Amino acid sequence: MFLFSYSTAEEPDELPVEKWTDSNVSSWLRTTGVREQYIKKLYEEEVDGRILLVLTEDYLRKEIGMKSGPALLIIRKRNELVDTKQKTQGKPQSSNDSEKGSKKQGSAPQIPETDQGLSEEEKQTHQGQSVVDNVLTTKRDCKPRPFGKEGIDFTYVKHSVLQPESGVFDLISPCHEYKSLDNAAKLDRARLQAKFAKEVLKFGTGCMNIRSNGTIHFGVMDSRDDTGYVHGEIIGVPVFEKDIYVDALDHIERSFSRSDSEHVRQCIRPPQFIEVMDINSTEKRYVVEVDIFPSISIVKNRVYSVRLPNFKESSNKIEHEKETIYRRVGSKTEPVSDQNDFYQRVRDRDAQREEAEHCRYVNTPDICQDLGRKLTMLVTSGKKLIEKEKWYILVTNKFKPDDLSSIDFLLNMNIFCVFDFDTDSKLSGLCSKYIQHHAANMHFMQNYKIPSGMSIGEFVSHLHLFEQTSWIFCNGRSDYKGNENPCDEMTWIKTKITLLRESVSLICKQILPKGAFLVVFLLTSPVEKPLLHTFYEFFTDMEGHEDIVCISESEDNYQKWQSFAEGSCGTETVNHSSVVGMKMSHVDATLQRIQPVTSRDTKHLPIYLKGQCLLETRDEERMYSLEILSVNHCDETSDDYIKAEKENIERQFYHGGRVTWLNFWLAEKKFVGEVIKRDAYRDVSKLLTDTMKWGVDRPVNSINIYHHPGSGGSTVGRQVLWNKRTDLRCAVVKPSYSAANVSEHAVQLREYEEKDPEKCLPFAINTKKIKQGTPCFILLSCRRSHNPEKMCKDSPLQNVAVTHKLSKEEKRQFAGKRQKLEEQYQPEFILTFVLMSEEFEHQKIVEYVAQFVKHLLQDIDHEAVVTRLIRYVALLNTYVQNSFISQSHCEALLLFTIHMDRFRQHAFERSLSEQAKLVFIHLRDDKTHIESVRIIHPLVAKEILQQLLGDQKQQSGLAMDLLHEDVLFEHRFGKEDYAKFLRALFMRRCRVSKGDESNSFFSPLIEHVSKKETPDKAIELLKEAYKRFNKDAFFAQQLARLNYSHEKFEEAKNWAEIAAKQMPNNSYILDTKGQVYRRWFNAKCKAIEKVPKTAENTADAVETALKAMECFRECEKSAISDLENMNNSGFFAAVEVGCSLLKLVFSLRVFSSKAYGHSECMKYLLTDYIPEAVKKPWENFHINLKGLQMTLHDALDDASLSIAPNLCQSNPGSLTPFMKRMIIYRLGGGNITSIFSLLTDQKERDQVKVLENIISLYPSNPLMARLDQMDLVNYIAAHIALSCLTTQSPKLAALKDLQKLSQQFPTEKRKCLSSALFLLILLFWPEDHDTDPEKETKYNIVLSAVEYLKRSYWTKMKDIPQRKKRIYTHFFLSNGSGWDKILHKSKVETITKVLSISEKRMKWFSGEVWKMPEMAKLLRTVSGWTEDGIVYLEGPKEKKFPIPHLKAASVPYGNENITFYLGFTFRGPVAYNITVKVGSQ
C-alpha cells in the first residue's frame, strides 16, 4: 500500500525562525514598527528566517541604507524574539533533532557564531550577536569518510557535526578522535610535523595495542571550550603543502624500535585530505585524517611502546619523550598503568581481533532496493507516467562514451536547460549526441544576465527559452573560438560562482514556478566543487530538495555529492532522492517505459508526389513560431497514457477547455465519442478545396472564420486542419511571434524536403511571392466578431460565419451528444457544452446560468480566502478578455506551502473549495506549460460576480481590494502577465476594430462604476490604480479624462499636469492636457450662452481657449518629432478651438453690430488697433489674439505636412571655382557616392576611361600636394573604383602608396569624414600574407575606423524614419589579394542575371543565392563565433571585433563557431551567409 500525507502551511508563530520565508519576516517586521520602505527593501533582498538570524547592524546600515536607530531596533527585537522562542520551545534541539525537523524543509549550511579561526569578514558578520544557541541548533550531523576509502571521493561541509568521539566497539568499526589543529596549522614545518606526528603516533599506538581500527581527524573541534562550536564540528585546516603531513610520519622510525617501526608503518595509513566545502568562502580547507588498521597478522602477540616527539622551545629542537605504552580507554588515549595485566591479556585481545576480522569477511546478503520503482516515482512525482508538460533541468559532467548510447530517455523529455560542466560536450559529449536529434542553443552562464530595461518576457524570447533547449556550458567550452576557457576549481569559485547564482535564481524565481520543473543531477564522472555549488544554489532557490533528483551509477562519484548534500538537507532526504548503482542503460530503459510516447517521436509530412517525408525533431524546433501538424500526429501516444488520461482530456474539453489535437485523435481512433462537426466545417472545407482548384491567380489566399465568442470557431479551424493533414502541410501560428519569423518558418515548412520550390503542396501562411499559377499559402484565419453573418455577406467567397445559432442538423447532433455526456458527467462538469447546445439564447441561458451559479454558491463560505480568489478571478474574467491568474499567484494568496511537493498539483486542487473546483478551469500555456486558472465561461464569471457581491458590496469595492492585494501584485513569478491583466482592467478601452461589440471612452469596469455606482468612486478607483502602478503617467492621463468628462475641470487640470510633467514629450498626453482646457472652454461658453457677451464676462473663457491652443501647439511639436507614431489630433484640435474662439470674439456686443462690427473685429485681430471696450478686460490676451491668424495658419500647414511629408532631396554640394574640380564633378568624381555609382553606370560610356580621366586631373604627386580631406577621399575612392574594373590600368596607384597617402587623414578619428573612415577599412583590411604583427596593426586601424564610423552613421540616421534606414553594401571581401581583395557588389549580382525575375527574387529572399557554388569561388569565407546573438570575427588578438548581421534569422540563437562572408557598408563590415561550422552543430 502506498501512503502519503501533506501538511498545510504552519503559522509563523508556530515555525522556528530559521524556517520563516521572506513574507513571514516582512510580517514580523511590521510588528516592530519599522518603516514600510525598509521592510520592502529587506523583502526585495530576499531576507528569510535564516538570514534574519545572522543580520548585523553594519549590514542593515550599509547595504539596506537604514539609519542607526531602526537598525538597532531590528537587531534587539530579533534577539528578543530568539530568546522568547527558546523559552517557549524548551532546550535547543540536538543536531539529530534538527535533522528530523529538516525533512519537511531543508536549510542551508549555517555560519558559526564565533570569531575563532574565521576571516575578518566573517568576524564582522558575527560581532555583537546574541543568537548563538539558536544558530547552533541548525548545525547538521554528518557521517565521517568511510574507513579505508580515498579522501578524494569525499567532502565535508563546514560547520557540519560528526558523531562524538568514540571508544572501542567491535574492533572493526573505527574509534574516532578529533583535533582542531587550528593554531598548530599556522606553525612552521618542523613544529607542525612534531605536533601532527605526536597526536597520530599516540592515537595509533593506542589503537594497535587495543587491536581496534581507528581514525584520527584534524580540523574537527574536540572541545566545547571554544565558544560557539560544538564537539565534532568540522572547521578544517588550511593545507598549503600536503607533503608536510605525509613526511611527518617519518617520525615513526625515530619514535619506535626498528622491529616495531615496520609494523607501525604497515598499520598507520598515509594521511587522507578531505576537502571542506564552505559556500561563503573561497579559502581551501581540509580535514586531515589518518586511518589505523592493526591487522592481526601484523600485531599478533605484540605490545607497542612509543617515544612521542615534542618540539622544545627552550632548545629549539625536537626531543622525544620517555617510552610509553598507550591504549584506548573510552574516547581517550591514555598510558597503560598496570603493564603486567596488560601484557597478560594480549592473547585475549588477539583472539577477539581474529574473530572480528573473520566475521568481517563472511558476506551477509544485501537487501536489494527496487531502484526501478524508486527512479519511476522520483521522475514522475509519484505518477504512473512522466508528465508531458513537466520541464527538466539537467546538471551533468563528463559522460563516458558507453553511456552516450543510452540517452534516448532524454530525447522525449522537455529539457528546459542543461548545466554542463564537460568542456568537450559539444565535440564528443552529451551535447554532441543530443543535438543530433534536437535543436539546442549554446549558452554560457553570463547569457542569463538580464540587460537593463529588458522585461522577463523579452529576455525569454531573446534566449529562445521554452522553444529550444538552452545548453549552458558552466566551465568553458573547448571548441569555442570566443574567450571562454575552462578554469580550475578555485578560480571558478572566484570568477563564476556569482554568474551561477544569478542564472539559477533567475530560472527558479522568475521563469519557472516551483513544481513546474524537476532538476536532475546526472553524475557520470568524478564530482568537483562547481557541481556541488550548483546543487547548493538550486537547493536554496527552490527552497528545498523536493524537486531535485540525483542519478549516479558510481558509488564513488555519488559519495562526494552525498556528503555535501547532506549538509543542506539531511541524510534521509538525500538518500530518498537519489538513485545510486543503476547503469545508465538501465536508467534509459526504465524511463522510456514510463514516457507518454511509445518510442522516439518521429513525424511525417505529406509531399508533392503524394508520398511522405520524415520531419526531424530538430528541424521542427527551429520553426518554433509554428505548431506543425504531421500526418501521424499523436500516433506515438502510449497505451498506458491513453488509458490513464482519455477521460480527463475529454472532460476538460467539454468543461470549456480549448480543443487539442489529442481530442481529435482519440475521437478518430474511437477511444472517445466523435467531436461534432458544425455546418461551418463543411463550408470552410469546400472553400479550401475550391481555393486549391481555382485560386491560381495569386500564390497567397485567405479564408476567414468569423465567429461569436465561445461558439467554437477555433475548433472548426483546427478540425479542418486535422482532416486535411494528409493532403496539405498544416500548421497553427503560435501567438506573439513577428510576421517576419512566421513568414520565414512558413517558407521553410512548405519547401521542407521538396526538390523543386515551384512544386510543393499548398500551405497555410506567408507573404512570399512565387510565380503566378502556383497556390502556395492558404491563410485560415479565426477572428472574433459580434456580427459574423454581416462579415460573411460582405465577402461570401472568402468568409465563413460561426454563430451561436444552430441549424436543424446541428441541433440534432448536439442533443444526441448532450444526452451521452450527461450519462457520463454531471451537468456542471459540461456547462460550456450545455450553453452551446442551448444556442446561447439570451433569456434561456441567463436563467440557466443564474440557476447554476445560485445552486453552486448555496453553502459557500463568503469569508474564506478561496472565495476571495473566486471573486478576483471573476472580476478579471468579466472585464478582461482571455485573462487568467497563474497557479503560483493562487498559491501565494492561499498561503499555500506543500512540503510533500511531489504531489503539488493534487494538493493544490484539494485545497480549493468544491465551488472553486467546479468554476475554475485549469489552463496550461502551450509554450511554457505553466499552469493558470480562469472561470469556465465569461457568462458564468459575470453571474458569479453579481451573486457573490449581492447588495452588500459593489464592484468598485472588490476592485479596490484587488488593488490592495499586495501578495498578488508583488508575487515574483508571472508578475508581467498579472500586471498586464490588472492594468487592462482599469485602462483598456473597447474597440470594435479589435473585435469588441462597441467602442468605449474608458475601460468597461470604470464605465460600469461611473454609471451604476458614482463617478467619484470611479475616480477613487483610478487614483488607487495610479498609486499601485508606481504613479504611472498614463493613469494620471486617464484621471484627467475621467474628471473632465464629469466636468471636474480643476482636478482634470491637475492630473493632466502631473502626466505631462512625467512624460513631457508624449504627444497623446499633451493632447489630453489640451482637451481639458478645450472642454473647460466649451463649458464656460455654454454657461454664458444665453446672456449678452461682454469683454468682462468672456475674459475667463478666452484665457482658457488660449491655454488650450498653447497645449495643442506643444502637442504638435511632439508629434512632429515622433518618428514612429502619427498623431494629428493636436493640429485639428488647435484649429477647432481657434475657430470656436473666433466665434466667441465675433459674438461680443462691440463686434456683433451689423453696421461696423465685422470690420471692427478684423481691424482688432489684424492690426495694432484695440477697441476701448476690450482694452482693459483683455489686456493679457491682445498679443495672443492678434497672432491667432498665424497660429491657425501654422496649424493647418503642419497638418497638411503630416499627411504628405516633403520628399525633396537636398543638393549634394556646391562646385568650386577651379576648372579642374568643375570637370571632376562633371565626370562624376565630386563625391564618393557618385564615384562608386560609375561602377553600375547604365550609360554607354567607358567607365575605365572616365575614372582614369578623373585621376589624371589630380596632382601627379598627391603626397606632396597635401590635398584637403574631401579631395583625398575622392582621389582614393576613384582608385578603388578603377581597381574593381581593371588592375592593369597605368593610372592605378599601388595599394601601399594609397595606404601611405591615407595617413594624411586626421589622426583624431572623430575629425575624419565618414567616407574617409570607410576607405581606411577597405585599404587596411588584413591579408593572408601579412605577418602577425602587421595583421594586428591593420586590425587596430580598422577597429578604430569602424568605431567612429558607427557613431557617425547613427548621428546622421537619427532623424530618418526606421523604414528608410536601409543598409547598402558597396563591396565584398573576395578570395584575391592586393587590389583583388575588394569586390564590388555588381560582380556578385551578375551571378543571378541568367535567372528569371521571379527565380532571382526567390533566391535572394530565401538566401539561396549565398549557397551557389559560383559565390564560393568569388567570396572569401571568414571564421568567427557568436556570443549572445552577436557575431564576432576571428582575427584580432587584443580586442573583440563585432560584425553586425543583416538577417537576424541567420544568427544561431546560442554561442556557436561560424563562418560567413564579409560585406562593407557605411556602417562598417556586415556578415552574410552565417553558417554554423560543421562539427559545431
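Below, all heavy atoms of this structure are taken into account, side chains as well, without hydrogens, waters or symmetry copies. Quick caveat: nothing in here was measured; it's all calculated off a predicted structure.
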**Asked** Donor-acceptor pair, Glu754 side chain versus Tyr608 backbone, under 3.5 Å?
**Response** yes
**Message:** I'd like to know whether the aromatic ring centres of Phe1460 and His1445 sit less than 6.0 Å apart in this structure.
**Reply:** no
**Request:** Give a yes or no on this: more than 12 heavy atoms of other residues, nucleotides or ligands lie within 6.0 Å of atom CD of Glu621.
**Result:** yes
**Message:** For Ile415, is there any backbone N or O sitting under 3.5 Å from a side-chain donor or acceptor partner on Thr469?
**Reply:** yes
**Request:** Scan residues 700-713 for pairs that pass salt bridge (Lys or Arg N to Asp or Glu O under 4.0 Å), counting only residues two or more places apart or in two chains.
**Result:** none
**Message:** Is the ring pair His462/Phe459 parallel, tilted or perpendicular, if the boundaries are 30 and 60 degrees?
**Reply:** tilted
**Request:** With sequence neighbours left out, write down each residue that passes ring pair (Phe, Tyr, Trp, His ring centres under 6.0 Å) with Phe444, or none if nothing qualifies.
**Result:** Tyr480
**Message:** Strictly distance-based, threshold 3.5 Å: is any side-chain N or O of Asn447 a donor or acceptor partner for the main-chain N or O of Leu463?
**Reply:** no
**Request:** Could you tell me which residues satisfy side-chain contact (heavy atoms from CB on, under 4.5 Å) with Arg725, sequence neighbours excluded, listed by chain and number?
**Result:** Leu629, Glu668, Trp722
**Request:** Can you sort out the partners of Ser1423 under side-chain contact (heavy atoms from CB on, under 4.5 Å), two or more places apart, ordered by chain and number?
**Result:** Lys481, Glu1434, Thr1459, Lys1477
**Asked** Quick one: does Arg678's side chain have a donor or acceptor within less than 3.5 Å of a partner on Val716's backbone?
**Response** no
**Message:** Once side chain to side chain donor-acceptor pair (under 3.5 Å) is applied, do any residues pair with Arg682, and if so which ones, sequence neighbours excluded?
**Reply:** Asp679
**Asked** Can you name the side-chain contact (heavy atoms from CB on, under 4.5 Å) partners of Lys449, sequence neighbours left out?
**Response** Glu502
**Message:** Test of understanding: with ring pair (Phe, Tyr, Trp, His ring centres under 6.0 Å), list the residues that count as partners of Tyr1432, not counting sequence neighbours.
**Reply:** Trp1425
**Message:** With a 4.0 Å cut-off on N to O distance, would you call Lys686 and Asp683 a salt bridge?
**Reply:** no
**Asked** Is any side-chain N of the basic residue among Arg718 and Glu627 closer than 4.0 Å to the acidic one's carboxylate O?
**Response** yes
**Asked** Excluding sequence neighbours, so at least two apart, what forms side chain to side chain donor-acceptor pair (under 3.5 Å) with Ser461?
**Response** none
**Item:** Asp727 and Lys724 ion-paired at < 4.0 Å
**Value:** no
**Prompt:** Below 4.5 Å, heavy atoms only, C-beta onward: do Lys1411 and Thr1475 meet side chain to side chain?
**Reply:** yes
**Request:** Under the side chain to side chain donor-acceptor pair (under 3.5 Å) rule, collect the residues that match up with Ser630, sequence neighbours excluded.
**Result:** Asn632, His633
**Message:** Before we go on, tell me: are the rings of Phe416 and Phe466 under 6.0 Å apart, centre to centre?
**Reply:** yes
**Side-chain (Arg729) to main-chain (Leu749) donor-acceptor, under 3.5 angstrom** = yes
**Request:** Can you sort out the partners of Phe1441 under ring pair (Phe, Tyr, Trp, His ring centres under 6.0 Å), two or more places apart, ordered by chain and number?
**Result:** Trp1325
**Complete:** Tightest non-hydrogen contact, residues Glu458 and Ser455, listed as OE1-N, 2.9 Å
**Expected output: side-chain Glu976 to main-chain Ile456 donor-acceptor under 3.5 Å** = yes
**Complete:** Distance col, row His745:NE2 vs Ser625:OG, nearest 0.5 angstrom, shows 5.0 Å
**Asked** So, Glu1389 and Lys1385, do they make that salt bridge, N to O below 4.0 Å?
**Response** yes
**Request:** May I ask you to check whether Tyr624 and Tyr1453 place their ring centres under 6.0 Å from each other?
**Result:** yes
**Prompt:** Does the Thr1426 side chain pair with the main chain of Gly1454, one donor and one acceptor, at a distance under 3.5 Å?
**Reply:** yes
**Prompt:** So, does His438 use its side chain to make a donor-acceptor pair with the main chain of Leu411 at under 3.5 Å?
**Reply:** yes
**Request:** With sequence neighbours excluded, tell me which residues meet side-chain contact (heavy atoms from CB on, under 4.5 Å) with Leu687.
**Result:** Ile703, Val800
**Message:** Could you work out, with ring pair (Phe, Tyr, Trp, His ring centres under 6.0 Å) as the rule, every residue matching Phe981, not counting sequence neighbours?
**Reply:** Phe884
**Asked** Are the side chain of Asn663 and the backbone of Thr660 linked by a donor-acceptor contact shorter than 3.5 Å?
**Response** yes
**Request:** Let me see the working for Phe1464 and His1370 under ring-ring contact (aromatic ring centres under 6.0 Å, His included), right down to the final yes or no.
**Result:** CA-CA 6 Å; Phe1464 297 100; His1370 293 273; over 10 Å; no
**Geometric class of the Trp1410/Tyr1472 ring pair [parallel <30°, tilted 30-60°, perpendicular >60°]** = tilted
